[in-house]
Number of protein chains: 2
Amino acid sequence: MAMGRPREFDVDKALDLALQVFWSKGYEGASIADLTETMGITKPSLYSAFGNKEELFRKALDRYVDGPGGYFQVALAKPTIRAVVEHLLYESADAVTGPDHPPGCLAVQGALTCGDAAESIKQELVSRRAKGEQDLRERFERAIAEGELPQGSDAADLAAYLSAILQGMAVQAAGGTTREQVRKIAEMALRTWPPPPDLATV
Amino acid sequence: MAMGRPREFDVDKALDLALQVFWSKGYEGASIADLTETMGITKPSLYSAFGNKEELFRKALDRYVDGPGGYFQVALAKPTIRAVVEHLLYESADAVTGPDHPPGCLAVQGALTCGDAAESIKQELVSRRAKGEQDLRERFERAIAEGELPQGSDAADLAAYLSAILQGMAVQAAGGTTREQVRKIAEMALRTWPPPPDLATV
DNA sequence: TCACTTATCTAACGATCGGTAGGAAATTGG
DNA sequence: CCAATTTCCTACCGATCGTTAGATAAGTGA
């Protein structure tokens, strides 16, 4: 079946290497030269296999979400809301400080700001973060309905609050904060969890 | 005294405009063309007045810290630790969603990641964030010494925790989250403040 | 008025950006 | 062995990057 000259590199391995570059330098900071050098392929090979820089980033992002970022969906599937939050915090702390990949979170630092040319990538990351927060919100809604959280708790607010803490941990990690220190942030957040509903608005 | 042809633009106003550009696009995303266009001056004027792109950014950053970011030091000077934390959270929520400037925080989104050429700018921002966290830590140490916080509280952990929340709020704002929603994050953080010391480590 | 200083502008610099033509090399099917 | 197909690489594309040379204009001090 496979006709023509066979590809000499592993597409998935190359994509993993591209992911590392985008993760550490961001979309704009990662040049095609950076990428091809790390991936061990030439520019025409990159373009033939992945389309262009933007498509390559999107494929790397998908791979990130299913790989190093996969703990997020795993955490959401935990049986109790307490376990969900615990796993999100602890796994995030470890994920953003993993020793085998760049620090931080691709969805945060891939393009938090950018020039005009990368605007659509930035929007893609905004959407991904919003999607994660939305999934979290729905999980909280279920927990409230099942009586796992106090009456009057606002699922959207809880999701925004926890998302902010996770993103803050990612910023800290991107700046070089150690795994131990980031874990302490997670522990402190957990020590106060859940924040009680705002009685003033009930 | 003033010899030579007088400058035709206001350096401080031009710097404020440059700040807006760096704030919304980040260091790498802001091109010299973007900057000169917004500042209303030509490239040679920019270079003669500000040195180069890196120096311009550092000057804009100083201006940011003393201007839109000035609430941070103001908050630290509040008399009670409760007031410090309240002001940090509320003023941050408003600052990162201010209607008269780009959303988010320059110290976070100016260069969270970048290419090799901007590495020193990224480090500068890492240092600034660390400095803010250190100032906060010292304020917490004072509060603990004065009995304003529970025995066994760890000032460094509290500072890292609060810093992460503030940075998370900045990420949310950079993604377009509304002022009302960011304020709710601040309120929730305040509702659980202060996190109790970890009894397991005492 | 005339040197001196500084700011202004147009026009360009070399380097790098993302992206591609075009031909040689390696495989499959006939 | 030969066409067809696909990947490989070298070399190059135009555009943009940050930065500057060089000439002109507008002030000050003598």
Side-chain angles (χ1 to χ4, degrees), chain A residues 1-15 17-18 21-22 24-61 110-111 113-122 124, chain B residues 1-15 17-18 21-22 24-61 110-111 113-122 124:
Chain A
M1 305 298 158
M3 240 190 317
R5 178 172 176 171
R7 191 165 263 137
E8 293 176 3
F9 64 94
D10 184 321
V11 174
D12 285 341
K13 285 204 181 302
L15 191 52
L17 292 166
V21 178
F22 283 129
S24 70
K25 299 191 171 186
Y27 177 74
E28 274 184 333
S31 71
I32 299 290
D34 287 330
L35 291 161
T36 55
E37 193 176 341
T38 297
M39 298 163 85
I41 63 177
T42 62
K43 285 196 278 182
S45 293
L46 185 153
Y47 279 86
S48 134
F50 302 104
N52 58 18
K53 188 184 179 184
E54 189 168 329
E55 288 181 43
L56 175 60
F57 180 86
R58 297 188 129 95
K59 284 166 182 158
L61 179 57
T113 58
C114 61
D116 304 329
E119 196 66 29
S120 78
I121 292 293
K122 175 178 134 190
E124 169 77 35
Chain B
M1 306 298 155
M3 241 193 310
R5 179 172 176 172
R7 194 164 262 136
E8 293 177 3
F9 64 95
D10 183 321
V11 174
D12 285 340
K13 284 205 182 301
L15 191 51
L17 292 166
V21 178
F22 282 129
S24 70
K25 299 191 171 185
Y27 177 74
E28 273 183 333
S31 71
I32 298 289
D34 287 330
L35 291 162
T36 55
E37 192 176 340
T38 297
M39 298 164 83
I41 63 179
T42 62
K43 288 195 271 185
S45 293
L46 185 154
Y47 279 85
S48 128
F50 302 104
N52 59 17
K53 188 184 180 183
E54 189 166 330
E55 288 181 44
L56 174 60
F57 180 85
R58 297 188 129 95
K59 283 165 183 158
L61 179 57
T113 59
C114 61
D116 304 329
E119 196 65 31
S120 77
I121 291 294
K122 175 178 132 188
E124 169 78 35

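Keep in mind that the numbers below use all heavy atoms, side chains included, and drop hydrogens, waters and symmetry copies. So that the names make sense, note that chain A is the first sequence line, chain B the second, and so on, each numbered from 1.
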_Taking the side chain as everything from C-beta on, heavy atoms only, tell me whether A:V11 gets closer than 4.5 Å to A:F50._
yes

*Output all residues satisfying side-chain hydrogen bond (donor to acceptor under 3.5 Å, both in side chains) with B:S48, sequence neighbours left out; order by chain, then residue number.*
none

*Any donor and acceptor pair, going by atom type alone, linking the side chain of B:K25 with main-chain N or O of B:S31 inside 3.5 Å?*
no

_Non-neighbouring partners of A:S120 that pass side-chain hydrogen bond (donor to acceptor under 3.5 Å, both in side chains), sequence neighbours left out_ = A:E54

*For A:D12, check side-chain hydrogen bond (donor to acceptor under 3.5 Å, both in side chains) against everything at least two apart and list the hits.*
none

*Mind checking whether A:E8 and A:I41 have side chains closer than 4.5 Å, heavy atoms only?*
no

*Check side-chain hydrogen bond (donor to acceptor under 3.5 Å, both in side chains) between A:S45 and all other residues, then give those that pass, not counting sequence neighbours.*
A:T42

*asked:* Please find the pair of heavy atoms, one from A:L15 and one from A:A60, that lie closest to each other, and give the distance.
replied: CD1-N, 3.7 Å

*Could you tell me which non-hydrogen atom of B:K53 sits nearest to which non-hydrogen atom of B:Y27, and how far apart they are?*
NZ-O, 2.9 Å

*asked:* Could you check whether B:E119 pairs with B:K122 (Lys NZ or Arg NE/NH1/NH2 to Asp/Glu carboxylate O, under 4.0 Å)?
replied: yes

*Going by number, which of residues 6-14 of chain B have a non-hydrogen atom under 4.0 Å from DNA chain C?*
B:P6, B:R7, B:E8, B:F9

*Neighbours of DNA chain C within residues 26-37 of chain A, by heavy-atom distance under 4.0 Å*: A:A30, A:S31, A:I32

*asked:* Please enumerate all residues that pass side chain to side chain contact (heavy atoms under 4.5 Å, CB included) together with B:E37, with sequence neighbours excluded.
replied: none

*Quantify the bending of the helix from C:dT1-D:dA30 to C:dG30-D:dC1 as the angle between its end axes, each fitted on five pairs, to 10°.*
0°

*Residues touching DNA chain D, which here means a heavy atom under 4.0 Å, drawn from residues 45-53 of chain B*: B:Y47, B:N52, B:K53

*Please list, chain by chain and in numerical order, all residues satisfying side chain to side chain contact (heavy atoms under 4.5 Å, CB included) with B:K13, sequence neighbours excluded.*
B:D10

_In this structure, how many angstroms lie between the P atom of C:dC17 and the NZ atom of A:K43, rounded?_
9 Å

*Closest approach of B:A30 to B:V21 (non-hydrogen atoms, all atoms of both residues)*: CB-CG1, 3.7 Å

*Let me know the distance between CZ of B:F57 and C1' of D:dG18, rounded to the nearest Å.*
16 Å

Short heteroatom pairs, N/O only, protein and nucleotides 21-25 of chain D, under 3.5 Å:
residue, atom, partner, partner atom, Å
D:dA25, N3, B:R5, NH1, 3.3

*Heavy-atom distance under 4.5 Å between the side chains of B:L61 and B:F22, does that happen here?*
no

*In whole angstroms, how far is the C1' atom of D:dT5 from the CE atom of A:M3?*
6 Å

_B:L17: side chain to side chain contact (heavy atoms under 4.5 Å, CB included) partners, not counting sequence neighbours_ = B:T38, B:M39

